[in-house]
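One structure below.
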Amino acid sequence: MQPGPFWGRMNVNHQDASPPPRSSSYSSTASITNHHPVGHEVRCPGDRCRPEHDRSSFEDQGVLSPLLPGSPPSATHSGNSTEMQDSGMVSFDHEKEAHRINRKMDLHLLPLLSLLYLFNGLDRGNIGNAQTQGFTHDIGALPDDLNLAVSLFFVTFVLFQMPSAAVGQWLGPSTWLPIMMLCWGLVTMIQAFIQGKAALITTRLLIGVFEAGFYPTCIVYLGSFYSRFDLATRIGVFYGQYAIASAFSGALSYAIFQVSHAWLRPWQLLFLVEGVLTCVLGAVAWLWLPAGPRDAWFLSHNEKKFVVDRVGGAESGDVRYSSLTRRDFVETLRDWKLWFVLVFNICASVPATAFSVFLPLIVQGMGYESVEANLMSVPPAVCGAVGLYLFASSSDRHRERGWHIVGALVIALGGLVGVVGSVSNAAKYAALCVFLFGSYVPPPLTVAWLSGNTPTAGKRALVVGANGLGNLAGAIGSQLYRAEYAPGYKLPLLVTLGFVGVALTGYVAYRYTLRAVNARRAAIRKLKSAEQIETERVDTVRHADRKWVFVYDL
């Protein structure tokens, strides 16, 4: 009998997907291998053997597929067979088993994690719904104090992303996620009774601290269960709750604002209901979430082994989440691809982060009453969630990130032009739905892109945490959509249009830069012997993706 969720939760042997370096052999004994006679053509399902993705998961210090173009013949086989791992060249039986186990994990992990992130978005953005009911007036603050408080929220939210992600790597996500939820849920309830500007700013700063590490910790947690080209779809479903949060927040607010209470104002009731539900879900997560694949109570012994091996699992021993090294920190700071794309990720994130708070106010400016505005903010947010899921699933299916992000930005740009240029409110509203359809795609696909291109677990946690600096877009958005620009918000929308245009240009440049690096490394490999390639694979002179045997996903 499989242990129940409580006993699975109590097992604290956190697993890390990063095994110790190996000194020989291109293949992982923990991987599923196919054997092909030397000289015979290797056939793959679909279009999954394109050169730009023809590499291993690199979880074992950067093993490349020995079938990489330019690899010496001696590196392409072992004895009379070719061995491959996670390069897309896998048997149909392996893919069928992976699909079955993925669906099992989707059923037991994704719904709860998505619900947790939904409430993360609710408690972050509910202040916009509260403002439609005179929140700042009731607490003795000014409307612009709301913008200041939202901006300062993103200060602590950004500054604590990497430290909180590191704590999550140390304690284990299954422990750290519930703790964070309980903390920000309590502060959300306290927010119902604050008075004055100082109290408003204090509560928003605290919510920023406690929410900071939630998203990166969840991404690292999901990455320990799913292989890299199964991950974007799950991140899409997960991150889609950020868009759904806007829709659900609007619907929930609409329902709560219909309730009359003897001594609680509608916005106070909103904060209390959402805060209590957050704490309850935090307690459920504490009991439900397994520490890692090895402790997943809903998987059989063989299924656990399959997941650990497929994601790049350790061959032996008890590898823990706390596998952070000094070199992980140094290499993260030196990671050019992180800082390169971060600038454009910030630009691309301005619409999603700003509209998660100010969407009800923007809709209200289209002629809807305050209560109606909360309800009418639901369809555009749902469009954002649908667009994200479609793009994320397509990205995994085609094993491509860059052009999917660019395509989404083109749609967002077109929709935003429609919002700014349309005369009638109906046309503006329709264009807003198109705009949000593409707006939520870039941030989660960027984190999936960075995660897939960061092969070691410790550095990956820090890179995902550092990518949280993209939430600086929230501080920008909160200063853009000020009350003085209501009800049309034309200038803020024009500035947002500029940010989307810069992001579009930047992501195209980023993809071509990675492609150029791959070409340069391929040229280097052609000049190297099998022994030199093997030495590069296992030595520590260059770390992780800095090795010239590593090929970046595009």
Side-chain angles (χ1 to χ4, degrees), residues 15-18 28 30-32 34 44-50 52-60 65 84-114 117 173 215-216 218-241 290 292-294 296 298-299 302-313 388-402 404-405 441 444-455 457 460 464 552-554:
Q15 152 198 330
D16 186 359
S18 176
S28 165
S31 64
I32 303 297
N34 292 337
C44 324
D47 185 28
R48 306 188 61 178
C49 300
R50 290 171 293 170
E52 65 186 23
H53 298 306
D54 187 13
R55 64 173 175 81
S56 75
S57 66
F58 204 78
E59 290 291 339
D60 53 326
S65 168
M84 297 159 287
Q85 65 160 345
D86 198 25
S87 62
M89 303 183 189
V90 289
S91 70
F92 288 110
D93 287 342
H94 173 265
E95 287 297 308
K96 184 178 179 181
E97 180 70 0
H99 183 78
R100 183 185 66 80
I101 296 175
N102 279 347
R103 290 292 171 264
K104 200 169 184 179
M105 294 188 296
D106 290 345
L107 178 64
H108 289 87
L109 287 180
L110 268 185
L112 179 59
L113 287 174
S114 298
Y117 195 55
Y215 180 67
C218 281
I219 298 303
V220 172
Y221 187 59
L222 286 171
S224 70
F225 286 90
Y226 296 98
S227 62
R228 77 183 189 282
F229 283 115
D230 290 324
L231 188 58
T233 303
R234 276 74 192 180
I235 293 178
V237 172
F238 174 75
Y239 187 85
Q241 306 313 304
R294 285 184 175 174
F298 49 84
L299 297 178
N302 288 337
E303 289 170 342
K304 293 175 186 178
K305 185 177 185 302
F306 184 94
V307 172
V308 172
D309 293 348
R310 187 166 187 256
V311 175
L388 173 55
Y389 177 75
L390 292 177
F391 272 90
S393 58
S394 175
S395 176
D396 270 351
R397 187 168 61 254
H398 293 94
R399 301 193 161 208
E400 198 282 331
R401 307 299 189 206
H404 282 79
I405 295 174
V441 174
L445 281 194
T446 298
V447 79
W449 203 358
L450 287 170
S451 179
N453 281 335
T454 308
R460 186 186 307 119
V464 173
Y552 288 117
D553 291 324
L554 300 180

Check your understanding: Roughly how far, to the nearest 0.5 Å, is the CD1 atom of Ile235 from the CG atom of Leu113?
Key -> 11.5 Å

Point to revise | Closest non-hydrogen atom pair, Asp553 against Trp449 | key: O-NE1, 2.8 Å

Exercise for review: State, yes or no, whether a side-chain contact exists between Arg310 and Asp230 at a heavy-atom distance under 4.5 Å.
Suggested key: yes

Point to revise | Gap between atom CG of Leu450 and atom OH of Tyr552 - 0.5 Å precision | key: 10.5 Å

Check your understanding: Would a 4.5 Å heavy-atom cut-off, applied to side chains only, mark Phe225 and Pro290 as touching?
Key -> yes

Check your understanding: Which pair of heavy atoms, one from Arg294 and one from Val308, lies closest together, and at what distance?
Key -> CG-CG2, 3.7 Å

Point to revise | Atom pair CG (Leu109) and NZ (Lys104), whose distance is rounded to the nearest 0.5 Å | key: 12.0 Å

Revision key, fill the gap. Tightest non-hydrogen contact, residues Tyr215 and Phe238, listed as CD1-CE2, 3.6 Å

Review point. Can you find a heavy atom in the side chain of Val441 that is under 4.5 Å from one in the side chain of His404?
Key: no

**Study point:** Residue pair Met105 / Phe298, side-chain heavy-atom distance below 4.5 Å
**Key:** yes

Review point. Less than 4.5 Å apart, any side-chain heavy atom of Ser395 and any of Arg401?
Key: yes

Check your understanding: So how far is it from Lys96 NZ to Ile101 CD1, rounded to the nearest 0.5 Å?
Key -> 12.5 Å

Check your understanding: What is the distance from atom OH of Tyr117 to atom CG of Leu112, rounded to the nearest 0.5 Å?
Key -> 15.5 Å

Practice item. Mind checking side chain to side chain donor-acceptor pair (under 3.5 Å) for Thr233 and listing every partner two or more places apart, or none if nothing turns up? Key: Asp396

Practice item. Can you measure from OG1 (Thr446) to CD1 (Ile405) and round to the nearest 0.5 angstrom? Key: 4.0 Å

**Study point:** Where Val447 and Pro444 come nearest, the two heavy atoms and their spacing
**Key:** CG1-O, 3.1 Å

Review point. What is the minimum heavy-atom distance between Glu400 and Gly402, and which atoms define it?
Key: OE2-N, 2.9 Å

**Study point:** Leu388 and Leu445, any side-chain heavy atoms less than 4.5 Å apart
**Key:** no

Check your understanding: What pairs with Pro216 under side chain to side chain contact (heavy atoms under 4.5 Å, CB included), at least two apart in sequence or on another chain?
Key -> Gln161, Ala165, Val464

Exercise for review: Provide the closest heavy-atom pair for Ala448 versus Ala232 in the form atom of the first, atom of the second, distance.
Suggested key: CB-CB, 4.0 Å

Exercise for review: Give a yes or no on whether the backbone of Pro111 and the side-chain of Ser114 come within a donor-acceptor separation of less than 3.5 Å.
Suggested key: no

Review point. Quick one: does Phe306's side chain get under 4.5 Å of Leu299's, heavy atoms only?
Key: no

